[in-house]
Amino acid sequence: MAKFTLSKNERLKSKKAIDFLFEQGTFINQYPLKLVYNKKPLVEGLPPLLFSVSVSKRNFKSAVSRNRIKRLVREAYRTQCIPLKESSKINNLQIQMMCLYVGTEMPSLQRIQNKMAAILVKLQKSK
RNA sequence: GUACAUAUGACUUCAUCGCUGGUUAGUAUCAUAUAUUUAUUAUGAUCUAUCGAGAGGAAAGUCCGGACAACGCAGAGUACCAUACCAUUUAAUAAGUGGACUUUGAUUAUAGUAUCAAAGAUAGAUAGUGUCGCAGAAAGCUAGACCGCCAAGGCAUUUAUGUCUCGGUAAGGGUGAAAACGUGAGGUAAGAGCUCACGCUAUAGAAUAGUAAUAUUUUAAAGGGAUAAACCUUAUGGGUUGCAAUGCCAUGUAUAUUUUGAUCUUUCUUUUUAGAAGGGUAGGUGACUCGCCUAUAUACGCUUACGCGAAUGUCAAAAGGGGUAGGCAGAUAGAUUCGCAUUGAGCGAACUAGAUAAAUGAUGAAGGCUGAUUUAUCAGUUACAGAAUCCGGCUUAUUAAGUAUGUACAUAU
RNA sequence: GGCUGCAUAGCUCAACUGGAUAGAGUACCUGACUACGAAUCAGGCGGUUGAAGGUUCGAAUCCUUCUGCGGUCA
């Protein structure tokens, strides 16, 4: 049975990789979310998906609300990423992605889950 | 009753999924080392299971103070910066506690005095310098004569007035934030602390009370504007920089390269290879000076010699480049909290966040609390706000309800 | 995370060592010049000196606390 995990080594952390992503990655828009992704051949021993979240300090000044949004986005990703993970394993690809929150209002979990589902479907189709 | 200030306070329990770091374990996987070539042992990482833990009163601002670390082993003086009533607490502070004084407000009272509260950068203006615009005659020390007051002399006449000259005068007017003690009497041509009485101010001495600041009484001599949040003087304290400090590992490599400067000199010893002392030069001591410390090398060519030359290396300064953007330590735990003890420097118990594109979340159920009404349903469970080396203060932000203390206002008795 | 600066008219800057209506250019408005416009000339409008307290007779300036915006450190 597949687990709903999002542990430390399944996150995108390298600064080099993130810079590369913003130079050459592809964008998917689904207001209030925005996804940047990049595909690579999978290296043995590394996880198939790398994920990270970002919220702008310009739109949300308080650190508390930024943390809150990041947690909601991460929760939505965690519960819905399993089909994508399996398909990318089959195709032997590593997908690096970063999710930006572009909106200016505090969202509900329900809304973010819907949008995240739409994005992941698009991502799977784009192969 | 209302408002404000301070303190308290910051929902609880269970289940499922997930994150972080830790404990214990594994016929698990990988790497390294030992020894050996079947394999065993140790260490580290990953995975799985298990146990218990996981954000504040301000985690914020960075306004103070420490711990700790590096700079050379941290010396002296000057500059610079900070502080400034007294006692006391403290590791330390611009913090806390208590007291003194000044100012403001309120009450009693309406002269004073007393009580309560708030604020105070509360040493020195009698060490010196500067400043005090406009207005005003004059703005700082023998002050200052615009109007006014008065004496003397001249002129005119209406013979007690006007005017002029030269003097005296700080009582009165007016200006200003501020005009050089206040009131009364004497005194005088008119006046004046010029003199006297009563007061005021601050200074010095004495006595009493108090640990002290200071207060009360008394004596002496005096009358001195404000400003130190202007310079400054006095006293006390501070070496500078800060965990992105600092040390190690990995990656990469370059003592790259270019330019400029220095690599000197005197005396003594004599083992003539060299050694010692002094001076100079350069650098360090992260403001300056002193002091202290370090360096001042090697071989070669030309010349009879003094000396000159270029070279290698080293040091210093400037220019200009290359690589990394990772990990570990620093950093879970200590001036901690609670209780007991005090002829001391203790004893016992308890507590424990450790992330790094940055963890502490999601869902469901039950209970508590608050509000609304249909009285058994609905809604809410919030404000300010997210650890980043660690502590002690200060400042700022802050919801609902309640409690306690204080202040102000209103009403009733 | 530490250290360290700045804030004046719509914009760019002044205002000495506290002194009284906070000034200059530009922009904007009105008038003159011109057949009309530009340029030029004359006049005008526009500021609680980022906010709140304090010191002083008097604060853009000195002091304190906040607000916003930068710079720098491996």
Side-chain angles (χ1 to χ4, degrees):
Chain A
M1 176 189 161
K3 299 266 179 167
F4 306 99
T5 57
L6 182 60
S7 68
K8 210 170 171 183
N9 56 354
E10 289 180 39
R11 293 184 208 163
L12 183 62
K13 294 197 284 193
S14 161
K15 193 181 173 185
K16 265 186 169 174
I18 292 168
D19 286 343
F20 182 78
L21 196 61
F22 276 99
E23 276 177 26
Q24 306 216 350
T26 321
F27 287 81
I28 298 177
N29 259 322
Q30 186 76 41
Y31 187 86
L33 295 176
K34 189 174 186 182
L35 191 80
V36 193
Y37 72 96
N38 190 36
K39 292 175 184 174
K40 277 182 173 180
L42 183 64
V43 182
E44 193 66 31
L46 291 181
L49 296 178
L50 290 176
F51 182 78
S52 95
V53 196
S54 172
V55 183
S56 169
K57 199 173 185 178
R58 195 172 299 165
N59 295 339
F60 295 93
K61 281 199 169 177
S62 161
V64 174
S65 51
R66 281 203 302 278
N67 276 350
R68 170 88 188 153
I69 289 167
K70 282 189 203 172
R71 280 166 188 157
L72 292 178
V73 173
R74 231 177 268 140
E75 180 71 16
Y77 170 80
R78 182 176 74 80
T79 48
Q80 300 181 42
C81 72
I82 289 164
L84 183 65
K85 197 186 280 184
E86 284 175 354
S87 74
S88 76
K89 247 183 197 172
I90 291 164
N91 296 335
N92 213 13
L93 283 173
Q94 187 189 38
I95 306 182
Q96 301 182 340
M97 52 190 157
M98 186 158 196
C99 189
L100 310 175
Y101 187 83
V102 189
T104 52
E105 288 177 2
M106 201 67 190
S108 66
L109 179 67
Q110 191 63 40
R111 188 168 178 213
I112 287 191
Q113 273 178 338
N114 293 342
K115 296 292 178 184
M116 180 59 77
I119 282 182
L120 292 180
V121 167
K122 268 192 186 178
L123 187 58
Q124 224 166 349
K125 277 182 186 172
S126 73
K127 274 166 202 175

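Labels below follow one simple rule: chain letters A, B, ... track the order of the sequence lines, proteins then strands, and each chain is numbered from 1.
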Under 3.5 Å for both donor-acceptor distances, Watson-Crick or wobble: does [N] have a partner, and if so which one?
N      : result
B:A297 : B:U312
B:U83  : B:A235
B:C390 : B:G66
B:U88  : B:G96
B:U255 : none
B:C51  : B:G22
B:A355 : none
B:U2   : B:A408

Can you tell me how far [atom2] of [Y] sits from [atom1] of [X], rounded to the nearest 0.5 angstrom?
X        : Y        : atom1 : atom2 : answer
A:Leu123 : A:Ile28  : CG    : CD1   : 5.0 Å
A:Phe51  : A:Gln96  : CZ    : CD    : 13.5 Å
A:Asn67  : A:Lys70  : CG    : NZ    : 6.0 Å
A:Gln80  : A:Glu75  : CD    : CD    : 10.0 Å
A:Asn29  : A:Lys122 : CG    : NZ    : 7.5 Å
A:Arg71  : A:Arg74  : CZ    : CZ    : 7.5 Å

Is the glycosidic torsion of [N] within 90° of 0, making it syn, or is it anti?
N      : value
B:G339 : anti
C:G53  : anti
B:G57  : syn

Enumerate all atom pairs, one protein N or O and one N or O from nucleotides 55-58 of chain B, separated by less than 3.5 Å.
{"residue": "B:A55", "atom": "N6", "partner": "A:Arg71", "partner atom": "NH2", "Å": "2.8"}

With rounding to the closest Å, how many angstrom separate the [atom1] atoms on [N] and [M]?
N      : M      : atom1 : value
B:A333 : B:A87  : P     : 39 Å
B:G393 : B:A95  : C1'   : 5 Å
B:U395 : B:G380 : P     : 39 Å
B:A10  : B:A383 : C1'   : 10 Å
B:C51  : B:A387 : C1'   : 26 Å
B:G361 : B:C64  : P     : 36 Å
B:A190 : B:A177 : P     : 37 Å
B:U360 : B:A388 : C1'   : 15 Å

Would you kindly give the [atom1]-to-[atom2] distance between [X] and [N], to the nearest whole Å?
X       : N      : atom1 : atom2 : answer
A:Glu75 : B:U16  : CD    : C1'   : 12 Å
A:Arg66 : B:G386 : CZ    : C1'   : 10 Å
A:Ile69 : B:G386 : CD1   : P     : 14 Å
A:Lys70 : B:U356 : NZ    : P     : 13 Å

Handout entry: Contact summary for A:Ile112 and A:Leu33, nearest pair of heavy atoms
Key = O-CD1, 4.3 Å
Practice task
Check A:Ala76 against A:Gln113 and note the closest heavy-atom contact, atom names and distance.
Solution key: CB-CG, 3.9 Å
Handout entry: Sub-4.5 Å side-chain heavy-atom contact between A:Met98 and A:Ser54
Key = yes
Problem - Side chain of A:Arg74 (C-beta onward), nearest among B:A358, B:A362, B:G18 - result: B:A358
Fill in the blank from the handout: Given Watson-Crick and G-U pairs under 3.5 Å, RNA chain C in dot-bracket ([ ] crossing, | other strand) is (((((((..((((.....[...)))).(((((.......))))).....(((((..]....)))))))))))).
Handout entry: A:Tyr37: side chain to side chain donor-acceptor pair (under 3.5 Å) partners, not counting sequence neighbours
Key = A:Ser126
Practice task
Would you indicate what A:Arg68 reaches in the nucleic acid, counting non-hydrogen atoms under 4.0 angstrom: base, sugar-phosphate, or nothing?
Solution key: sugar-phosphate
Handout entry: Partners meeting side chain to side chain contact (heavy atoms under 4.5 Å, CB included) with A:Ile69 (sequence neighbours left out)
Key = A:Val55, A:Phe60, A:Val73, A:Tyr101, A:Met106, A:Pro107
Fill in the blank from the handout: Of A:Leu72 and A:Ser54, the one whose nearest nucleotide on RNA chain B sits closer to the 5' end is A:Ser54
